[in-house]
Amino acid sequence: MPRPPVKRDFLSVESWDDAEVDELLALAARVKRGEVSGGLERRVAAMVFLDPSLRTRTSFEAAMHLHGGLAIPVEPGRGSWAMETEPDVVMDGATVEHLIEAARVLGRYADVLGLRAFPRGDDWAATRQDRVHADFARHCEKPVINLESARRHPCQELADGLTLREALPEPRGRRFVLSWSWHPKALPTAVPASAALAAARQGMEVVIAHPPGFELDPEDLATIEALARRRGGSLQVSRALEPALEGAEVVYVKSWGALSAFGRPEAEQALRAPYREWRGSAALLGRAPAAKVMHCLPVRRNVELDAAVLDGPQSIVIEQAENRLHAQRALLLRLLGAA
Ligand code: CP
């Protein structure tokens, strides 16, 4: 029986009950098997992208179309007005429209909204609050989906959960290694935190391997550990990559920046420089030949992951990206009361 639509945001996976998330993943699997069709006829999704996307944007557009609805991407500053996100600002500069009016107006046109805004500024203590997403959701009368914020990428997390369930028929107790990799730029921690949460939710033995100085946000680590324990798994942090790979059944390669130098690219780059050898090379991943290799994409070939790995039998990155579509179809159906 379809449920009545309510204003229910999806800003993080862990803000939903475990049972609801399990149901959502089960629905995503049914959607993927072709057991669910329609349900979003004449429904509209509006997605605001303050930062670029390939997968998130196209998979949401495809998801709405496949169920009979319409998705409208909005790119402020590129075809729509440059958007201001700071509260209480005198808008006498380059920005033309405030997020407050944008959220209110788009909430009148659309049934569900999405927002992507990567971390900005040089103060992690402020940025980690994900205030832009919270403000957008507060001013919007319709459900808001986080399309990636400073702290979380919950749609990626759902897709990664579905991918882990497919890769390992019983993921509980199996070893999942989140393996830091070098990258020419300091990347956000939203994906690594969400990937570890996805594995923790499956009750896996989660290992986060990174060089000294690249610790994830302590509150995120506590959330990952609490979720892993609640679901029958565990969390370990390793500062050595090769030993961490012993017995790995999934290796999720991902780069992220040092939070101690957040917003200071030159200082951060100096912290990262000694660790160029931390990457998903064919030689390294050959040490765990049975392990499946994941990455959220986009990936820099032969920097984060060797082309031989990406093109080889261990890689499930394309299946993982495909699962964005199925997970988001399920999410939209659930948020709009259609399943
Ligand atoms: N993984 C992911 O979110 O991809 P995009 O940045 O291309 O949307």
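Remember, it's 1-based here, ligands and their atoms both numbered in the order they're listed. Note that the numbering runs from 1 along the sequence shown for the chain. Reckoned from all heavy atoms, side chains included, excluding hydrogens, waters and symmetry mates.
Summary of contacts: the protein heavy atom closest to atom 6 (O) of ligand 1 is R116 NH1, 2.9 Å. Among protein heavy atoms, atom 2 (C) of ligand 1 sits closest to R324 NH1, 3.4 Å. Here the heavy atom of the protein found nearest to atom 4 (O) of ligand 1 is R55 NE, 2.9 Å.
If you look at W256 and F214, their ring centroids are not closer than 6.0 Å.
Of all the atoms in ligand 1, the ones that sit under 4.0 Å from a non-hydrogen atom of L54 are 5 (P), 7 (O), 8 (O).
Of all the heavy atoms of H153, the ones lying under 4.0 Å from any atom of ligand 1 belong exclusively to the side chain. Contacts with ligand 1 closer than 4.0 Å are made by backbone heavy atoms (N, CA, C, O) of L297 only, the side chain lying farther away.
Side-chain contact, R151 with S12: no donor N or O sits under 3.5 Å from an acceptor N or O.
Inclusion of P298 in the set of residues having an N or O under 3.5 Å from an N or O of ligand 1 is not warranted. The N/O atoms of P52, backbone and side chain alike, include none that comes under 3.5 Å of an N/O atom in ligand 1. At under 3.5 Å, a nitrogen or oxygen of Q156, whether backbone or side chain, sits near a nitrogen or oxygen of ligand 1.
R174 contributes atom CZ, which lies 11.0 Å from atom CD of E205 (distance to the nearest 0.5 angstrom). From M47, atom CE reaches atom CD of E75 across 9.5 Å, with rounding to the nearest 0.5 Å.
The backbone N or O of S260 sits less than 3.5 Å from a side-chain atom of R264, completing a donor-acceptor pair.
Ring-plane geometry between F176 and Y252 is classed as tilted, the angle between the planes lying from 30 to 60 degrees on a 0 to 90 degree scale.
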Set out, in order, the CA-CA distance, both residues' side-chain angles and the distance that settles salt bridge (charged side-chain N to carboxylate O under 4.0 Å, His left out) for R55 and E322, then state yes or no. CA-CA 9 Å; R55 277 145 293 274; E322 180 192 332; over 6 Å; no
